[in-house]
Asker: 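One structure is given below, represented as structure tokens, and several questions about it will come after.
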Amino acid sequence: MRRDTLVRACIAALLVLPAMLAGAKMARFDSLAEDLLPRRQYDVAVQVGLDGHGEAARVRTFAPRSDWHQQVVSEESIGPLPFSTSDVGLNREAVWSGGQVPDGVQAEYRFSVLTSDVVYALPEGLPVPAAYPAALASDLAATEVVQVDSPEIAAALTLAGADSGDIASRLTAIHTFVEGLGSRPFKGTTDALTTLRLGEASCNGKSRLFVAMARAAGIPARLVGGVILESGHKRTSHQWVEAYVAGHWVPYCPTNGYAAELPSTYLALYRGDEALFRHTSDIDFDYAFDIHTQMVPSPNARQTMGPLNLWALFDRVGLPFALLRTLLMLPAGALVVVFFRNVVGLPTFGTFLPALIAAASGATGLAWGLVGLLIVTLGVVLVRALVQRFGLLHSPSLAILLTAVVGWLLLVSLFADAVGLASLAQVALFPIAVLAIAAERLYLAWVERGPRDALRDLAGTLVVILGCYVVMNSLALQLIVLGFPEVLLVIVAADLYLGRWTGIRVSEYLRFRPAMGVVA
Amino acid sequence: MSRWSSLFGMNRRNVELVHARNPRRYYPLVDDKIVAKERLVAVGVPVPATLAVCEGLRDLPALLEGLADQESFVIKPSLGGGGHGILVVGERVEPGCWRKAGGEILDLEALHEHAANILFGAFSRGAMTDRILVEPRVTPGGVYAEMWGDGLSDLRVITLERQPVMAMVRVPTASSEGRANLHQGGLGLAVDLETGRVTRAVRNGRLISRHPDNGAQLEGICLPAWQETLDVARRAAGSVPLGYLGVDIVHDKDLGPLVLELNARPGLEIQNVHGRGLASFLEAL
């Protein structure tokens with residue numbers, strides 16, 4: 001059949017073309033695919049809440065600096081309190097302050113960072129220098145909580161085998177010794193000696209002991225404070241250390257066992273023995289970190305786009321990358337829908353409603369996305385049933401449904417915000433017209449074909465949303481599509497193939513059992 | 001050929017029959033009942049009379065006025081599919097008030113609402129406006145009337161390039177609420193093309209031998225005027241340049257076979273009724 005030949009030729013072209021494009025890109029950059037692959041970006045919100053009782057209040061924390069390990073790509077502050085950052089020593093202080101701060105004030109400092117794994121190769125045979133520049137004096141000094149001069153620290157140094165040898169071997173010995181101590185999530189500050197005596201501590205105690213031993217061994221060392229980047233909501237911060245080796249500050253984390261290396265999940269916020277937050281003493285204060293992660297295109301990948309540089313375009317017109325990513329992932333979602341409809345034979349409301357809902361659920365999270373969808377759809381179906389009583393004409397009643405969708409979305413958002421469900425509040429991003437039509441179809445299915453059929457279709461829709469969500473939010477696939485947008489052509493090839501696929505759908509093996517003489 | 005490979009699923013039907021033989025541009029010729037009826041009449045295919053056609057809201061008062069005196073009639077959205085929006089009205093209780101096929105009372109106000117909804121495209125596969133076709137109620141004749149008096153049974157003939165390929169009768173039951181819909185408890189009777197004889201009867205995918213409401217024997221029924229009916233189906237299929245069609249025919253007590261409508265995407269349930277895949281019938285051609 002001529003059509004089939006044509007389709008086969010198109011599929012072949014759509015498979016070959018992207019392979020050639022990807023090859024050309026990699027050749028042009030003379031680089032590995034990984035340079036073109038997207039980077040993982042962390043979006044961090046430092047959320048603070050304070051009851052100022054109407055008095056002046058001030059909260060000080062630290063903002064991240066860009067360095068070889070972490071690159072801050074954007075930052076902003078949200079909330080009613082004046083916010084500013086300023087360089088103080090090695091750190092960037094971030095301060096909220098206000099004159100008459102009422103109770104229940106919420107403020108956020110948000111930033112996005114790109115991070116990378118860093119591993120140091122320490123040269124062997126480097127002796128501990130006899131003297132250091134004066135600027136490093138404080139990184140060698142004893143403090144109240146880093147008891148460098150204590151005989152117990154000296155004894156520990158000997159015990160650890162770190163009292164002689166080159167810098168690298170001493171640091172390794174100290175690291176091994178401290179890492180070997182027990183871990184315990186103590187609250188509050190633990191000093192170096194206490195850690196040594198107890199034989200266990202949390203990250204700040206172990207880090208202080210590391211610093212004390214390094215300094216006692218004649219190696220400048222300092223504390224580093226920050227957070228471990230992982231998606232979610234948390235209050236836990238983290239501390240590790242840096243030791244000065246031949247002009248470089250080399251990271252060690254005795255708590256998690258990283259020696260002379262820093263994983264990309266570590267975000268440094270400050271250096272020195274500081275508290276992450278300081279605030280006016282007579283206020284009630286609370287804080288949390290809210291961290292999300294997403295893939296963003298690498299700088300190299302952006303350059304390879306040439307005149308089709310979508311990332312530059314989105315940057316210029318001020319559209320968020322997240323939108324571009326959603327757009328690029330939508331074809332994959334649509335392919336999932338096609339698969340469920342034409343291969344599995346699962347009924348859904350609205351052809352691409354599941355893909356659109358899955359895309360919108362990127363903001364709410366899958367669970368809240370489904371909850372939001374159910375609340376809104378069922379709410380609108382109720383309105384539809386009410387409208388039926390008035391005997392309205394078709395278009396006006398659809399217009400009322402659309403309004404009902406808007407109303408429900410805003411109500412759910414308001415409610416979610418009021419009870420602190422930030423993710424559910426994002427349901428306002430749902431595709432409104434699509435929801436109105438889905439609700440109309442659900443209602444008609446319910447009335448014309450009965451609740452069983454309607455609920456079956458609804459269940460089918462939920463399953464397909466789940467499938468779309470898993471695929472569209474798959475980091476592996478995002479990695480590929482963002483790094484090599486030409487894969488969209490491969491997706492079209494798959495659509496073409498399924499578009500001419502004449503096989504029997506899975507559900508039809510059930511439906512046509514009578515025709516095939518299979519007794520139910 | 002294994003049994004399953006003779007089956008036409010939705011994908012195969014769409015690719016090999018609908019897309020391959022039915023050019024999209026000719027769909028309006030069958031999707032619009034008024035247009036289809038004009039073409040059928042033009043080639044001499046018997047169809048029900050037309051009582052009225054309503055082109056828009058402006059004509060609606062005149063239409064209702066005209067219908068108030070009618071004893072019974074059927075209102076159809078011209079673009080409707082799958083029986084949506086079809087209202088079977090009669091007998092009349094008093095002027096402007098009827099009993100619907102299901103037994104419910106229908107007054108002029110409800111009729112007005114329904115007619116307006118049709119004109120606004122509520123039953124019209126996404127079209128924004130529609131027309132109304134009003135026809136007399138068909139009174140079934142012959143075995144169609146003897147076996148099942150309530151509701152209207154119809155004959156579905158699948159044609160490929162004008163040649164009848166498969167045929168079945170769809171019979172309403174009490175549980176299908178007067179509709180001849182196979183998915184809602186209606187019966188499907190497999191009809192042998194050569195003889196017009198009912199070879200099997202199926203309900204919800206299960207073989208049955210008698211009508212569940214009146215106990216009438218189903219297998220072995222011979223449909224009346226079979227060769228004439230097949231000829232009507234052939235001529236109806238020839239009225240439009242579409243290769244794969246479902247021709248819906250009713251048998252009127254006085255007028256004999258009448259074509260109700262043509263369908264450019266006929267369903268596949270007929271395979272369950274016959275217990276065989278469509279491909280095995282196509283091979284036999």
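Bear in mind that the values here come from a model prediction, so they are computed numbers and not experimental data. Order of the sequence lines fixes the chain letters, A, B, ..., with proteins taken first and strands second; residue numbering starts at 1 for each chain.
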Asker: Assess whether ring-ring contact (aromatic ring centres under 6.0 Å, His included) is satisfied between W4(B) and Y509(A), documenting all intermediate values.
Answerer: CA-CA 9 Å; W4(B) 284 103; Y509(A) 281 105; 4.8 Å; yes
Asker: For the atom pair CD (E16(B)) and CZ (R3(A)), what is the distance rounded to the nearest 0.5 Å?
Answerer: 11.5 Å
Asker: Could you tell me the separation between the CZ atom of R3(B) and the CZ atom of F512(A), rounded to the nearest 0.5 Å?
Answerer: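 R3(B) CZ to F512(A) CZ: 13.5 Å, rounded to 0.5 Å.
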Asker: Are there more than 12 heavy atoms of other residues, nucleotides or ligands under 6.0 Å from atom CD of E113(B)?
Answerer: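 Count over threshold, so yes.
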Asker: How far apart are the closest heavy atoms of L7(B) and I504(A), and which atoms are they?
Answerer: CD2-CD1, 3.8 Å
Asker: Inspect the surroundings of CZ in R99(B) and state if more than 12 heavy atoms from other residues, nucleotides or ligands are less than 6.0 Å away.
Answerer: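 Check fails, neighbour count at 12 or below.
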Asker: Atom CD of residue position E109(B) - does it have more than 12 heavy atoms of other residues, nucleotides or ligands inside 6.0 Å?
Answerer: no
Asker: Between M516(A) and R276(B), is any pair of side-chain heavy atoms under 4.5 Å apart?
Answerer: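 A side-chain contact is absent here, since even the closest heavy-atom pair is not under 4.5 Å.
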Asker: With chain A as the partner, which of G121(B), G205(B), G277(B) has the greatest number of non-hydrogen pairs under 4.5 Å?
Answerer: G205(B)
Asker: To the nearest 0.5 Å, tell me how far F123(B) CZ sits from L444(A) CG.
Answerer: 9.0 Å
Asker: For L268(B) and R511(A), run side-chain contact (heavy atoms from CB on, under 4.5 Å): C-alpha distance rounded to whole Å, both residues' side-chain angles, the deciding distance at 0.1 Å, then the answer.
Answerer: CA-CA 10 Å; L268(B) 297 166; R511(A) 179 187 162 188; 4.1 Å; yes
Asker: So which residue, H274(B), H19(B), M10(B), ends up with the most heavy-atom pairs under 4.5 Å with chain A?
Answerer: M10(B)
Asker: How long is the straight-line distance from CG of N11(B) back to OG1 of T502(A), given to the nearest 0.5 Å?
Answerer: 7.5 Å
Asker: Mind listing the closest non-hydrogen atom pair of R513(A) and N272(B) along with its distance?
Answerer: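 For R513(A) versus N272(B), the nearest heavy atoms are N-OD1, 4.4 Å.
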Asker: Working to the nearest 0.5 angstrom, can you tell me the gap between S397(A) OG and N117(B) CG?
Answerer: 7.5 Å
